[in-house]
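First the proteins, then the strands, lettered A, B, ... as listed; each starts at 1.
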2 protein chains.
Amino acid sequence: MHTTSCDRKHDVYDASCPCRQVLDLLANKWSALALGALEDGPRRFGALRDRLDGVSPKVLTATLRRLEDQGLIDRTVFPSVPLHVEYSLTALGKDACAPLAALRAWVVDNIERFPTAAVSAGDGR
Amino acid sequence: MHTTSCDRKHDVYDASCPCRQVLDLLANKWSALALGALEDGPRRFGALRDRLDGVSPKVLTATLRRLEDQGLIDRTVFPSVPLHVEYSLTALGKDACAPLAALRAWVVDNIERFPTAAVSAGDGR
DNA sequence: CGATCGTAGTACCCAAAGGGAACTAAGAGC
DNA sequence: GCTCTTAGTTCCCTTTGGGTACTACGATCG
C-alpha cells in the first residue's frame, strides 16, 4: 500500500489539505455520475449528456474539465467532420470509480428506506 | 434482505428518480464529512463545527437539517442551561457511512496521485 | 450556391447555494 | 446587570448551478 513518506497532513477534515479539494470534486453528484458513465468505456460528449439525465451542457463541460484537470479522465479530440470528442477514464479515474460505484449502488439498494422514496415505494405504476 | 417488490425504476441516472435526490444529498462534501464525524458516536453542534474545519454555522445547520429530514441523523435537544443539542446517526445513517467512509479513505489513500496534491507531496515543510 | 444538419461546446442571464461576520436567545454565574 | 456559553439565525455578498440560445465547422441536401 504505497506508504508515502508522510501521511500526517492528509486529512479530509482539514480544510487546507488537498484531500479536501479532491473530496469536494468526487463528492459531487455530476462527478459521481460522469465517472460511472465512463466505466464501460470511452463516451462522447453527447452520449454523456444523454446518460446524465438533466445535466446542462455548461455544467457537463465544467464537470468534465475539472475531472480532466485532476487527472481522472482523458479528453481526446478526433478532428473528423462533425467533430468527435471522446472522454475516457485514466488509471486514476478507474480506481476512483470503485468507491463511487459503491456509493451509487448503496443509494439504489437502500432507496426504499428514505422518506423521499417512500411515496414511490408503494407505487406500482 | 429488503428485496423490494420493484427495482426497475431505481436508477441514479434518471433525474426524476428519488435516487438522484439521495445521491445529491450524500455526494456532497459536507454531508460526507458530517456523517463521518458522527461515526464515533453522538456529537454536539459545536463539536461538529470544530471537526468540519471551514464550515460556517449556516451551512452546517442546513446540512444537518437535510440529513435529519432524510432520516440519516437524529437531533436531540437537551433543554439544559446553555442549551445542548446532540446529533447522532440513525440506523440508516450508520449504513450510509460505509460507502462514504470508503470514499473518504480512498481520497486520503490516493491523494499523492493527484496534481493538486503534487505540490505538497514532496513538501517537507 | 445557399440552407440545413450534427457535434461540441460557449455566452448570456438568472436563480440557488455557499460562505463569512455579526447578531439573537436564554438562563447561569459573577 | 453584565458576561459567558451554546446553538443557531440573519444579512449580505460571492460563487456555483442551471437553462436557453447561439457559434463554429465542414458535409450534405436541395
Would you say [X] reaches [N]'s phosphate, i.e. side-chain N/O to OP1/OP2 under 4.0 Å?
X	N	result
K29(A)	dA17(C)	no
Y87(A)	dG9(C)	yes
R75(B)	dG8(D)	yes

Q. From the list dG19(C), dG17(D), dT10(C), which nucleotide is the closest neighbour of the side chain of R66(A)?
A. dG17(D)
Q) dT5(D), dT10(C), dG18(D): which one has an atom nearest the side-chain heavy atoms of W30(A)? A) dG18(D)
Side-chain ([X]) to main-chain ([Y]) donor-acceptor, under 3.5 angstrom:
X	Y	value
T90(A)	G71(A)	yes
S31(B)	L25(B)	yes
R20(B)	Y13(B)	yes
Y87(B)	L38(B)	no

[X] has an atom [atom1]; how far is it from atom [atom2] of [N], in whole Å?
X	N	atom1	atom2	result
F78(A)	dA8(C)	CZ	P	11 Å
D24(B)	dT16(D)	CG	P	16 Å
L83(B)	dT24(C)	CG	C1'	13 Å
E68(A)	dA8(C)	CD	P	15 Å
L64(A)	dT10(C)	CG	P	11 Å
E86(A)	dT7(C)	CD	C1'	13 Å
Q21(A)	dT15(D)	CD	P	16 Å

(Q) Angle between the two end axes of the helix from dC1(C)-dG30(D) to dC30(C)-dG1(D), five base pairs per end, rounded to 10 degrees? (A) 30°
Residues 76-84 of chain B, side-chain donor-acceptor partners within the protein, below 3.5 Å, at least two apart:
residue: S80(B); atom: OG; partner: F78(B); partner atom: O; Å: 3.4
residue: H84(B); atom: ND1; partner: R44(B); partner atom: NE; Å: 3.4
residue: H84(B); atom: ND1; partner: R44(B); partner atom: NH1; Å: 3.1

Q: Would you indicate whether the side-chain heavy atoms of L89(B) and C97(B) approach each other to under 4.5 Å?
A: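 C97(B) vs L89(B): side chains touch.
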Q. Which parts of residues 35-63 of chain B get close to DNA chain C, meaning a heavy atom less than 4.0 angstrom away?
A. G54(B), S56(B), K58(B), V59(B)
**Q.** Test: D95(A) and R113(B) ion pair at under 4.0 Å
**A.** yes
